[in-house]
S.K.: 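Below you'll find the structure I mean.
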Amino acid sequence: MKVLSLIDFQQDYLAEMLVKGLIQTLGNENIILYPYCLRFRGGTDNEYLLPDGSTGNTACPQYLKPEPDNEWSFEEICSRINEFDFIWLSSARDYAIQGIEKLRNALGAENLPPVVFSDGEDSDQIRYDVIEKYKPIAVFKRELVNPVEGVYPLPFASFAEDYPVIDDTKKEYKVFALFGRTCQLRVQLVDFLLKLNLPNSYIGIDTGAVPWQDPDRLKYEPLLPYEEYLKRMAQSEIAFVIRGHGRDSVRRFESPAFETCVFECDCGVITPYPFEDGVHRVGFKADFSDIERKLDYYLSHDEERRQIAKVGKEHLFAYHTTRKRADYFLKIVEGKIEGRKNG
């Protein structure tokens, strides 16, 4: 299959994860990006305008391994439009929408391949305006909280196959709970955990995010380099996961990639092949009322904790890497395309 991917210049975790997975599955030569975003190739996009009129700047993130150049001009895309099996509208952001509008104006909507739409924003609202206008054959939603007919869940995934090699059997810390200040719940969780005076643990709010008006007692930690952040998480017996800007979080799919027992507060997002409580992870309540009891139990029951960590890691690699997320996405899209042909 060949996919025309309409992308926005701003950082978009879901789009980056799916581009990565599609390249892993279909090959770099079959994933064409428009507009051509340098961050996927190891560069920096710094000549675009943000919605407020200011100039944007998006560098290749540390978690994204650059892919070889594969740039097509708009003219080449138009002349070879029939080579694409579908157009993936990766978001409803400005440059992705401008891309599909430019194609419709140049070629006519009726002459385009089928459209697939995904929405990775921090919201559970369905973009019916986009669905109505572009008539996608499949719709995917990251923060899908309740089942909606015709809309498929598409949460984040793990770049685990690109993570540095870390000995996750070597445990240096009891508990890892280092978060950016992207949600007040994270601040409250850190404050709660610090009061427990847990020995040999790495707990705090990093100093690389937007400040909150926090209590003076809250512990601040320096912003860790990404590899060091992964290493400390991997070498902890327990790692905490709680929502960030949106319900879904990147941490939800980072922590299980290592043999670390994950303590997670359910974010409420529908997830294909979900992590089961007590099997792949340990759930805790949003009011934190069961955390101390569960920490006492799992820190003193080594075999049970290690078993959950092992099975959780196996489950992630079986269903939640970028490649597996792309496979899930493509299976649904291929079914829709086949249904149209047989229609």
S.K.: Picking from F275, Y273, Y328, what satisfies ring-ring contact (aromatic ring centres under 6.0 Å, His included) with Y319?
M.R.: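 Between Y319 and the candidates, ring-ring contact (aromatic ring centres under 6.0 Å, His included) is satisfied uniquely by Y273.
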S.K.: Side chains of T55 and N46: do they bring a donor and an acceptor to under 3.5 Å?
M.R.: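 There is no such pair (donor and acceptor under 3.5 Å, judged by atom type) between the side chains of T55 and N46.
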S.K.: In terms of ring plane angle, is the pair Y63 and Y13 parallel, tilted or perpendicular, where the classes change at 30° and 60°?
M.R.: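 The arrangement is tilted - the two ring planes meet at 30° to 60°.
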S.K.: Angle class for the F288/F284 ring planes (parallel below 30°, perpendicular above 60°, tilted otherwise)?
M.R.: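 Answer is tilted, since the angle falls between 30° and 60°.
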S.K.: Do the side chain of R243 and the main chain of H245 share a donor and acceptor less than 3.5 angstrom apart?
M.R.: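 Yes, R243 side chain to H245 backbone: donor-acceptor pair under 3.5 Å.
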S.K.: So, the side chain of E143 versus the backbone of R247: is there a donor-acceptor pair under 3.5 Å, distance only?
M.R.: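 Yes: the side chain of E143 pairs with the backbone of R247.
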S.K.: Please report whether the ring centroid of H320 lies less than 6.0 Å from that of F156.
M.R.: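 No - the distance between ring centres of F156 and H320 does not fall below the 6.0 Å cut-off.
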S.K.: Think R325 forms a cation-pi with F253, using NZ or CZ under 6.0 Å from the six-ring centre and within 45 degrees of its axis?
M.R.: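 Because its charged atom sits under 6.0 Å from the ring centre and within 45° of the axis, R325 does stack over F253.
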S.K.: Using the rule side-chain hydrogen bond (donor to acceptor under 3.5 Å, both in side chains), only one of D69, N70, D45 pairs with Y36; which is it?
M.R.: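 With Y36 as partner, D69, N70, D45 yield a single side-chain hydrogen bond (donor to acceptor under 3.5 Å, both in side chains), made by D69.
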S.K.: Check whether D191 reaches the backbone of V187 with its side chain - one donor and one acceptor, N or O, closer than 3.5 Å.
M.R.: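 Not at all, since once roles are kept as given, no pair shorter than 3.5 Å links the two residues.
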S.K.: State, without any angle test, whether R252 and T271 hold a side-chain donor-acceptor pair at a distance under 3.5 Å.
M.R.: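 Looking only at side-chain atoms, T271 and R252 do form a donor-acceptor pair, the distance falling under 3.5 Å.
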S.K.: Using the ring-ring contact (aromatic ring centres under 6.0 Å, His included) definition, which of the options Y95, F40, Y34 pairs with F9?
M.R.: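 Of the listed options, the one satisfying the test is Y95.
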S.K.: In terms of side-chain geometry, is the basic nitrogen of K313 or D168 positioned less than 4.0 Å from the acidic oxygen of its partner?
M.R.: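 Result for this pair is yes, salt bridge flagged.
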S.K.: Ignoring hydrogens and geometry, is there a side-chain-to-backbone donor-acceptor pair from R186 to R181 under 3.5 Å?
M.R.: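 No, the answer is negative, given that no donor and acceptor are paired below the 3.5 Å cut-off.
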S.K.: Got a sec: does the CD of E29 have more than 12 other heavy atoms crowding it under 6.0 Å?
M.R.: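 More than 12 heavy atoms, drawn from other residues, nucleotides or ligands, come within 6.0 Å of this atom.
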S.K.: Has S300 got a side-chain atom pairing as donor or acceptor with D296's backbone, closer than 3.5 angstrom?
M.R.: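 Flag set: sc S300 to bb D296 pair under 3.5 Å.
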S.K.: With salt bridge (charged side-chain N to carboxylate O under 4.0 Å, His left out) as the test, pick out the partner of E121 among R127, R142, R93, K141.
M.R.: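 Testing each of R127, R142, R93, K141 against E121, the sole residue satisfying salt bridge (charged side-chain N to carboxylate O under 4.0 Å, His left out) is R93.
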S.K.: Given ring-ring contact (aromatic ring centres under 6.0 Å, His included), test F240 with F176 step by step and report yes or no.
M.R.: CA-CA 6 Å; F240 273 83; F176 179 90; 10.0 Å; no
S.K.: Does this structure show an ion pair linking R305 with D302, if we count only N-O contacts that are shorter than 4.0 Å?
M.R.: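 Salt bridge between R305 and D302, a charged N being under 4.0 Å from a carboxylate O: yes.
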S.K.: Please check if the side chain of R323 supplies one atom and the backbone of Q24 the other of a donor-acceptor pair under 3.5 Å.
M.R.: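 Checked: pair present.
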S.K.: For the residue pair F140 and Y152, categorise the inter-ring angle as parallel (less than 30°), tilted (30 to 60°) or perpendicular (more than 60°).
M.R.: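 Because their plane-to-plane angle lies in the 30° to 60° range, the rings of F140 and Y152 count as tilted.
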S.K.: Between K310 and E259, does any NZ, NE, NH1 or NH2 come within less than 4.0 Å of an OD or OE carboxylate oxygen?
M.R.: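 So E259 does not pair with K310 through a salt bridge.
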